Amino acid sequence: MPKDSLSELNPPQKKAVETIDGPLLIMAGPGSGKTRVITSRIAYLIKNCGVSPHRIAAVTFTNKAAKEMQSRLQSLLGHGIRGLTSGTFHSFCAMTLRIDGELIGLGRDFVIFDDDDQINTVKRSMKETDIDPKRFSPRSILSAISNAKSQLLGLQGFVENKSNYYDEIVSRVFERYEEILQQSNAADFDDLLLKTHTLFDTEPEVLKKYQERFLYLMVDEFQDTNVAQYNIAKQIAEKHKNLCVVGDPDQSIYSWRNADIRNILSFQSDFSQAEVISLEENYRSTQTILDGAKNLIASNKERVNKDLWTKNVKGSPITVMEGYNEEEEAQLVVREIGRYVDSGNYVLGDISVMYRVNAQSRAFEMACQRYGVPYQVVGGIKFYQRREVKDLIAYLRLILNPHDDISLSRVINVPTRGIGQRTLDELTRTSVTLNLPIFSVIENLSNGKAESISIPIQLGARAIKAVEDFKTLIDNLRSESEKQNLIELIDSVITRTGFRHHLENDEQSEERIDNIEEFRSSAREYAQSEGQEALITFMESIALVSDIDGMEENLDFLTLITLHQAKGLEFPVVFITGMEEGLLPHIRSIDTGDPRELEEERRLCYVGMTRAKERLHLIRAFRRGFRGGSEPSAPSRFISEIPRELIYIPGQTENEGIETSLQDNKIGSSASPSVKNSTQSFKPSRSEASHSFESSSRKNPPTERMRLPGSKHLQAQRVVPVRRRRVVNKIVAPHSKLSFKTGDKVKHPSFGEGIVLNFEPSGDDVQVTVAFKESLGVKKLMAGVAKLEKL
DNA sequence: AATTAGGCATTTTTT
DNA sequence: ATGCCTAATT
């Protein structure tokens with residue numbers, strides 16, 4: 001990208017940047033330079049109009065997008081952007097509530113309940129309202145609650161609007177759910193928005209503060225905002241009316257999360273004088289890819305047509321391939337990727353494999369491991385959602401806020417300390433009757449005043465002892481926490497609670513300890529600030545990060561990603577996999593019979609296709625396995641919605657002539673028209689990092705089934721398989737030397753130094769038995785996985 | 001109270 | 001096939 005300066009913008013882009021007064025709606029097609037416009041606009045406000053960054057807020061869809069914007073502005077304006085507010089709606093609201101939430105009864109150190117906590121809370125609520133979780137799924141009840149909150153209804157609104165038996169059930173759970181949250185001084189994701197709205201609604205002074213401060217407000221990915229978010233934006237912008245929203249209705253893919261595409265219509269009616277600017281020139285994709293995508297999306301009925309165009313080269317046809325099953329699909333893809341890399345024109349970081357559901361990543365991971373392709377999975381099982389990490393977080397939260405019943409229930413018996421379900425039930429029951437948090441019940445218990453207060457509780461002496469010990473444990477950690485920094489605190493939690501020991505006894509102890517180690521180092525950057533402050537900030541950052549936030553651009557890794565997460569990204573080469581009826585229009589969207597759901601699937605496919613700059617592959621499997629079995633699947637209807645002449649099917653020769661060389665396909669990385677058609681030079685191929693594939697493989701037609709290449713010569717590039725499940729989202733670079741002999745001194749990242757007692761090759765790795773010093777003892781480790789270092 | 005076995009639902013996407 | 005939940009066992 002060239003420097004963001006006004007002269008390099010096309011006329012509508014320029015207009016979008018310079019239209020600063022009054023409401024503005026920017027309709028930005030894929031690849032139309034939206035991000036540039038947003039950053040240029042902010043830079044323009046600051047530099048040309050002399051607006052203080054302090055008075056500008058920019059809301060993005062992910063923290064990653066916010067960070068990217070920040071860094072681009074930084075390079076444009078240097079320190080001139082200090083004071084700029086940028087982030088997601090959720091993080092903005094969390095901050096607002098942290099400051100002024102007390103006015104609406106939210107304690108300063110409230111905790112944020114994530115999805116997992118929410119489900120637990122719903123389950124508990126159902127139990128306490130005698131609603132059978134087998135008859136009504138907690139998940140669907142939660143989604144009803146979330147839906148109500150996203151529409152700014154809240155409990156009260158929901159109760160008033162309920163119209164059937166199911167609503168009645170939900171409202172009972174909802175009521176209890178809110179009580180638990182209140183008592184735990186917690187807010188769920190939707191509360192962050194809802195409560196901020198309420199705060200602004202009921203406290204004019206607070207609202208005024210924000211209204212006056214934010215002269216300019218920008219909202220990115222507007223098509224994916226929900227009613228609550230839009231209304232918060234409206235509240236803030238009400239005074240100055242300088243609200244700029246940027247979006248593309250064709251890329252709206254989050255309606256299941258209550259995003260409401262009608263916000264775009266509302267915006268136009270709420271701000272009738274709003275200027276509307278369309279960005280229609282695409283700088284990203286080849287003509288062919290853009291045409292394919294345009295034709296696909298044209299099948300949607302509910303949309304306004306856009307006139308997307310590009311000056312880019314025609315480029316290669318869209319390749320459609322078919323494998324027998326998902327394994328062969330993956331093999332096909334990985335082998336094709338090998339050809340790209342071998343050509344020297346692409347590095348792995350240029351390529352991405354996209355799929356509808358996370359479960360699909362598995363086959364690709366396995367294929368990558370077999371072929372030695374380093375890869376990066378975005379998302380999947382979220383790091384902070386791993387059991388051991390969540391347990392540790394629950395301890396930290398409890399230390400911060402002992403009233404957090406959900407966290408307390410989570411860890412009161414982890415590791416097991418003789419407090420079973422009976423005891424916990426009894427404590428919970430009492431807390432409900434007394435309308436007190438569980439921790440307070442325990443406190444009263446241990447004051448020895450149980451009888452005098454006449455707590456109606458029935459527990460054996462042994463249970464009481466155990467519970468009291470737990471209370472003392474938390475109390476001690478709590479008082480220590482004020483003197484310790486974050487890392488010290490985490491360490492004392494791990495040791496004092498017996499958590500470390502507990503992990504060591506676990507079957508997957510290595511993996512779990514690794515994860516805790518990872519967690520510990522992620523806390524490091526927060527450890528500077530003082531005592532509890534650090535803990536609060538850290539907890540908040542954990543609750544609000546997304547997987548995509550952690551994704552790095554790394555030339556050496558192939559990216560595996562869901563279509564949803566791919567929004568906003570671009571890659572020279574894109575493989576969209578699982579192009580099958582039931583998967584890409586997902587079965588759930590077909591089953592409902594709601595055409596709008598099917599159209600959203602089509603938009604999802606459109607988003608995926610428009611991520612591609614130069615090469616687009618659509619792959620499907622003839623049979624797909626699920627729930628153990630395997631069933632035949634039909635090609636996705638979306639394939640047939642792409643004009644045949646844009647498609648190349650290997651094996652069907654008549655179209656082969658269309659395929660152009662890779663060189664002809666290259667699109668200059670610059671958005672400026674002058675260089676676009678030139679066959680620009682590629683990124684220099686990085687010999688030391690290049691991942692060479694068996695050269696003969698490129699001669700094999702992709703459809704022919706072939707044996708996996710021998711792997712010896714790939715050893716150096718091989719990514720070590722990480723047990724069955726992945727340990728960290730990013731698989732780190734492989735280890736160079738995996739040879740050990742008895743007596744070798746080795747170093748483990750968390751266990752420290754040790755001596756090799758024994759070793760035996762196992763698959764591609766070596767299982768090493770190591771004696772570590774101190775109390776750590778003898779362990780069997782996979783050398784590559786454990787990142788063992790020879791000393 | 002803790003561990004284990006067997007039954008069952010589950011998988012769309014995530015701030 | 002896996003993981004979660006309940007029931008049964010020690």
Side-chain angles (χ1 to χ4, degrees), chain A residues 59-66 87-94 112-116 118-120 123 127 132-134 137-140 142-143 146 149-150 187-193 221 224-226 228-229 252-259 354-362 378-382 384-385 387 413-425 459-460 462-463 466 540-549 561-567 578 582-592 597 600-601 603-605 607-608 624-630 724-725:
Chain A
V59 185
T60 54
F61 190 69
T62 59
N63 293 303
K64 179 172 180 262
T88 62
F89 266 107
H90 288 87
S91 61
F92 173 80
C93 290
I112 299 169
F113 273 14
D114 66 15
D115 190 67
D116 211 43
Q118 292 185 55
I119 281 288
N120 285 333
K123 283 182 185 158
K127 202 167 160 190
D132 183 3
K134 280 187 187 129
S137 106
R139 174 63 58 188
S140 84
L142 176 60
S143 101
S146 165
K149 290 186 175 183
S150 311
D188 65 23
F189 282 132
D190 301 302
D191 281 339
L192 295 176
L193 307 172
E221 305 286 8
D224 286 320
T225 54
N226 64 29
Q229 291 167 328
S252 152
I253 53 174
Y254 281 96
S255 71
W256 51 273
R257 220 176 69 189
N258 305 315
M354 302 181 183
Y355 36 78
R356 177 65 231 265
V357 301
N358 274 124
Q360 285 172 260
S361 76
R362 195 175 179 155
V378 182
I381 307 131
K382 278 180 239 148
Y384 291 117
Q385 238 155 274
R387 186 151 45 97
N413 205 26
V414 178
T416 52
R417 40 174 82 89
I419 306 172
Q421 199 56 54
R422 266 289 307 279
T423 311
L424 183 57
D425 280 350
L459 289 175
R462 203 174 51 195
E540 185 156 311
S541 77
I542 286 169
L544 299 175
V545 293
S546 69
D547 295 310
I548 194 90
D549 296 337
I561 194 169
T562 65
L563 287 162
H564 279 92
Q565 293 183 114
K567 186 175 79 164
L583 235 199
L584 194 31
H586 195 274
I587 184 84
R588 294 276 260 256
S589 70
I590 304 172
D591 276 357
T592 58
E597 293 209 17
E600 180 147 318
E601 296 289 306
R603 290 195 292 270
L604 193 53
C605 187
V607 166
R624 181 148 314 255
F626 67 107
R627 293 208 206 120
S630 155
R724 249 158 255 118
R725 303 222 134 262

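What you see is a predicted model; the values in this text were computed from it and never measured. Convention: sequence-line order gives letters A, B, ...; per-chain numbering from 1.
- In this structure, A/Gln421 places its CD atom 9 Å from P of C/dT6, rounding to the nearest Å.
- A 4.5 Å side-chain heavy-atom check between A/Leu563 and A/Ile253 finds every atom pair outside the cut-off.
- Taking atom CG of residue A/Asn358 and atom P of nucleotide B/dT11, one finds them 12 Å apart after rounding to whole Å.
- For the pair A/Thr60 and A/Glu221, the minimum side-chain heavy-atom distance is 4.5 Å or more.
- Taking 4.5 Å as the limit, every side-chain heavy atom of A/Phe189 sits out of range of all side-chain heavy atoms of A/Arg257.
- Here the side chains of A/Lys567 and A/Asp224 are in contact, with some heavy-atom distance below 4.5 Å.
- If you check B/dA1, B/dT13, B/dT15 against the side chain of A/His90, the one that comes closest is B/dT15.
- Going from atom CG of A/Asp224 over to atom P of B/dT14 covers 13 Å, rounded to whole Å.
- A straight line from CG of A/Leu424 to P of B/dA1 spans 11 Å, rounded to a whole angstrom.
- Using a 4.0 Å heavy-atom criterion, one finds that A/Ser91 contacts no nucleic acid atom at all.
- Residue order along DNA chain B, read from the 5' end via each residue's closest nucleotide, puts A/Ile419 first among A/Ile419 and A/Ile587.
- Checking B/dT14, B/dT11, B/dA1 against the side-chain heavy atoms of A/Trp256 singles out B/dT14 as nearest.
- The NZ-C1' distance, from A/Lys123 to C/dC5, rounds to 9 Å in whole Å.
- Separating the CG atom of A/Leu563 from the P atom of B/dT13 is a distance of 11 Å, rounded to the nearest angstrom.
- Counting to the nearest Å, the P atom of B/dT13 and the CZ atom of A/Arg603 are 18 Å from each other.
- One atom, CG of A/Asn63, and another, P of B/dT14, lie 15 Å apart when rounded to the nearest Å.
- The shortest distance between the side-chain N/O atoms of A/Thr562 and the OP1/OP2 oxygens of B/dT14 is below 4.0 Å.
- Along DNA chain B, the nucleotide nearest A/Phe89 and the nucleotide nearest A/Gly418 are compared for position; the residue whose nucleotide lies closer to the 5' end is A/Gly418.
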